[in-house]
Amino acid sequence: MTTLRSEFLRAVEERGFLHQCTDLEGLDALMATQAVSAYIGFDCTADSLHVGSLVPIMLLRLLQHTGHKPIVLIGGGTTKVGDPSGKDEVRKLLSEEEIARNIAGIKKVFERFVTFGDGAGDAIMVNNAEWLDRLEYIPFLREYGRHFSVGRMLAHDSVRLRLEREQPLSFLEFSYVVLQAYDFLELLRRHDCVLQMGGSDQWGNIVNGADLARRIEGRTLFGLTSPLITTAAGAKMGKTVEGTIWLNEEKLPAYDYWQYWRNTEDADVGRFLRLFTDLPSAEIERLEALEGTEINEAKKLLADEVTKLLHGEAAAAAVAETARRTFEEGGVGAKLPTMEVPRAELEAGIPAFELLRRAGLSASNSAARRLIKGGGGRINGVPFTGETHLVTLADLTADGVIKLSAGRKRHALIRAV
């Protein structure tokens with residue numbers, strides 16, 4: 001393979017972000033000689049992004065750090081339609097109010113990773129509702145719909161797989177590819193955007209956008225995708241037994257976020273350091289070569305660096321200290337997730353299984369009962385005597401809290417108010 005000239009694409013390849021590119025040599029030649037604008041779209045299906053969105057976010061960060069302009073496209077318009085990619089059923093349609101709340105929730109995350117402003121290399125954030133909401137149906141079909149082959153649209157994995165499984169696919173979702181292609185064209189016209197990036201499941205949509213710009217404007221646009229990341233065990237990023245790893249702290253405390261990365265499998269440490277931190281490659285090579293118990297130091301550094309990017313240096317240091325006190329000294333860390341319980345309830349007593357569920361350490365009462373029966377449920381470091389054990393004010397420690405544990409790595413504090 002030809003040695004890449006542009007700093008961005010060299011880093012993309014070296015750090016594991018590169019899956020496919022429409023014209024790698026052409027894009028490399030362009031980015032080696034001038035700054036380009038590139039975008040990634042994020043639909044607003046929830047009020048927070050999760051860890052699965054970190055690869056595209058870090059890709060935008062890398063783009064800016066190598067001298068180019070990131071465009072964060074918020075899908076206020078396309079969210080009303082629903083991307084069928086990776087889905088087995090029709091998405092729930094969200095109201096305008098729900099979409100607005102979701103947009104407000106996800107916007108603040110990006111400021112942690114890229115710098116916004118009015119300068120040439122500053123990131124910008126745009127909402128595709130700005131142009132999609134104003135489209136007139138018949139003029140849009142006449143002007144742009146004629147450039148899309150139904151045969152090609154049916155061949156998209158997102159469409160083909162749904163049809164092969166005889167799963168429902170609405171015309172609304174089927175039209176998503178046309179709208180995403182139009183987004184690329186609009187961003188070219190408004191911001192001279194020549195590159196769209198995304199996950200590998202977006203390849204067909206990205207190619208269609210580049211093709212539409214060639215047909216309408218006679219311009220060459222580029223597409224680049226990253227691999228969809230799974231753990232060494234084959235699990236999807238961002239999903240755990242306990243639930244989704246959200247990026248907004250109000251949905252997932254910084255401590256739990258740090259702990260998620262601390263629990264990375266040995267085989268994933270090097271790969272995740274390259275994708276999700278700014279550490280130089282030479283340092284990553286040293287860390288991933290560690291063996292035995294030493295690899296745990298690399299995992300702690302991974303957790304520190306990733307948490308620092310999202311929550312800030314002070315928060316990362318605080319949760320790392322909490323983890324050290326909790327695991328290495330057996331103490332109670334100040335940054336453990338904390339739930340306040342009315343003093344009157346603790347005076348009467350709360351069943352152990354119920355409190356574990358309320359503290360977020362078990363998904364349900366039945367799961368909490370199983371945890372306790374298996375010896376994994378603890379109070380102040382001691383296994384519960386039974387699933388109906390009553391937790392009372394008498395269980396408060398000298399620190400004025402009750403420490404609940406689910407296994408060795410998940411903890412929460414109960415505070416009486």
Q.
Between the side chains of Lys308 and Glu305, is the shortest nitrogen-to-carboxylate-oxygen separation below 4.0 Å, so that they form an ion pair?
A. yes
(Q) Regarding Glu136 and Arg142, does a basic nitrogen lie under 4.0 Å from an acidic carboxylate oxygen? (A) no
Q. Where do Thr33 and Arg5 come nearest, in terms of heavy atoms and distance?
A. CG2-NH2, 4.0 Å
Q | Point-to-point distance, once rounded to the nearest 0.5 Å, from CG of Leu302 to CZ of Phe272 | A | 8.0 Å
Q: State, to 0.1 Å, how close Ile103 and Gly76 come at their nearest heavy-atom pair, and which atoms those are.
A: CD1-CA, 4.0 Å
Q: Check the pair Phe110 / Phe42 against ring pair (Phe, Tyr, Trp, His ring centres under 6.0 Å), numbers first and verdict last.
A: CA-CA 11 Å; Phe110 294 100; Phe42 299 85; 4.9 Å; yes
Q) Can you tell me how far the OG1 atom of Thr225 sits from the CD1 atom of Ile40, to the nearest 0.5 Å? A) 11.0 Å
Q. Between Asp304 and Trp258, do the side chains contain an N or O donor and an N or O acceptor separated by less than 3.5 Å?
A. yes
Q: Evaluate the criterion salt bridge (charged side-chain N to carboxylate O under 4.0 Å, His left out) for residue pair Arg190 and Glu130; output intermediate values, then yes/no.
A: CA-CA 12 Å; Arg190 292 167 181 247; Glu130 192 176 323; 2.9 Å; yes
Q) What's the spacing between Arg101 CZ and Cys44 SG if we round to 0.5 Å? A) 12.5 Å
(Q) Using every non-hydrogen atom in the two residues, find where Leu221 and Ala210 come nearest and quote the distance to one decimal. (A) O-CB, 3.9 Å
Q.
Contact between Arg214 and Thr220 at the side-chain level, heavy atoms closer than 4.5 Å - yes or no?
A. no
Q: Test Ile57 against every option in Leu247, Leu309, Val72 by the side chain to side chain contact (heavy atoms under 4.5 Å, CB included) rule and name the one that passes.
A: Leu247
**Q.** Donor-acceptor contact present, side-chain Asn248 to main-chain Lys251, <3.5 Å
**A.** no
Q. Could you give the distance from CG (Asp28) to CZ (Phe222), rounded to the nearest 0.5 Å?
A. 10.0 Å
(Q) Please identify which of these residues, Gln20, His19, Gln196, Met197, meets the side chain to side chain contact (heavy atoms under 4.5 Å, CB included) condition with Leu224. (A) Met197
**Q.** Closest heavy-atom pair and its distance - His191, Ser37
**A.** O-OG, 3.7 Å
Q.
Apply side-chain hydrogen bond (donor to acceptor under 3.5 Å, both in side chains) to residues Gln259 and Asp256 and explain how you reach the verdict.
A. CA-CA 5 Å; Gln259 195 64 47; Asp256 288 342; over 6 Å; no
Q) Does the side chain of Leu9 come within less than 4.5 Å of Met31's, by heavy atoms? A) yes
Q: Run the salt-bridge test on Asp43 and Lys80 with the 4.0 Å N-O cut-off and return the result as yes or no.
A: no
Q) Can you list the steps and then say if Tyr255 with His411 is a side chain to side chain contact (heavy atoms under 4.5 Å, CB included)? A) CA-CA 10 Å; Tyr255 175 84; His411 308 275; 4.1 Å; yes
Q: Look at Glu288 together with Arg274 and state whether they make a salt bridge at an N to O cut-off of under 4.0 Å.
A: yes
Q. When you look at CD of Glu250, are more than 12 heavy atoms from neighbouring residues, nucleotides or ligands closer to it than 6.0 Å?
A. yes
Q) If you round to the nearest 0.5 Å, how far is CG of Leu27 from OG of Ser6? A) 6.5 Å
Q.
Tell me if a side-chain donor or acceptor on His147 pairs with a main-chain N or O of Leu212 at a distance below 3.5 Å.
A. no
**Q.** Within-4.5 Å side-chain heavy-atom neighbours: Lys403 and Ile379
**A.** no
Q: Taking only Lys NZ, Arg NE, NH1 and NH2, and the carboxylate oxygens of Asp or Glu, determine whether Glu354 and Arg358 approach each other closer than 4.0 Å.
A: yes
Q) Can you list the steps and then say if His65 with Phe8 is a side chain to side chain contact (heavy atoms under 4.5 Å, CB included)? A) CA-CA 8 Å; His65 283 187; Phe8 173 68; over 6 Å; no
(Q) Side chains of Ile106 and Asp47, heavy atoms from C-beta outward: is any pair under 4.5 Å? (A) no
Q. Counting N and O atoms only, with roles assigned by atom type, does the side chain of Thr244 sit under 3.5 Å from a partner on the main chain of Trp246, one being a donor and the other an acceptor?
A. no
(Q) Would the distance check show the side chain of Thr79 and the main-chain N or O of Thr45 forming a donor-acceptor pair, the cut-off being under 3.5 Å? (A) no
Q | Test: Arg61 cationic atom under 6.0 Å from Phe113 six-membered ring centre, within 45° of axis | A | no
Q: Determine the minimum heavy-atom distance between Gly119 and Asp122, stating which atoms define it.
A: N-OD2, 2.8 Å
Q. Looking at side-chain heavy atoms only, is the closest gap between Arg189 and Ile216 below 4.5 Å?
A. yes
Q. Does one side chain, of Asp268 or Thr231, offer a donor that lies under 3.5 Å from an acceptor on the other?
A. no
Q: May I ask you to test the Glu283-Leu287 pair for a side-chain heavy-atom distance under 4.5 Å?
A: yes
Q) Any salt bridge between Glu111 and Lys108, counting N to O under 4.0 Å? A) no
**Q.** Sub-4.5 Å side-chain heavy-atom contact between Tyr257 and Val306
**A.** yes
(Q) Does Asn205 form a side chain to side chain contact (heavy atoms under 4.5 Å, CB included) with Phe184? I'd like the steps, not just the answer. (A) CA-CA 10 Å; Asn205 292 341; Phe184 203 174; over 6 Å; no
(Q) Looking at every heavy atom in both Leu60 and Ile71, which two are closest together, and how far apart are they? (A) CD2-O, 4.2 Å
(Q) Nearest 0.5 angstrom please: Thr66 OG1 to Leu62 CG, how far? (A) 5.0 Å
Q | Sidechain-backbone polar pair: Asn128 side chain, Gly77 backbone, donor-acceptor under 3.5 Å | A | yes
Q. Would you say Ser405's side chain and Arg378's backbone share a donor-acceptor pair under 3.5 angstrom?
A. no
Q: Say whether, by atom type as modelled, one donor and one acceptor occur between the side chain of Lys299 and the main chain of Thr264 under 3.5 angstrom.
A: yes
**Q.** Close side-chain approach of Leu18 and Leu24, heavy atoms under 4.5 Å
**A.** yes
Q | Evaluation steps, side chain to side chain contact (heavy atoms under 4.5 Å, CB included), between Arg15 and Ile284 | A | CA-CA 10 Å; Arg15 298 186 82 93; Ile284 295 172; 3.6 Å; yes
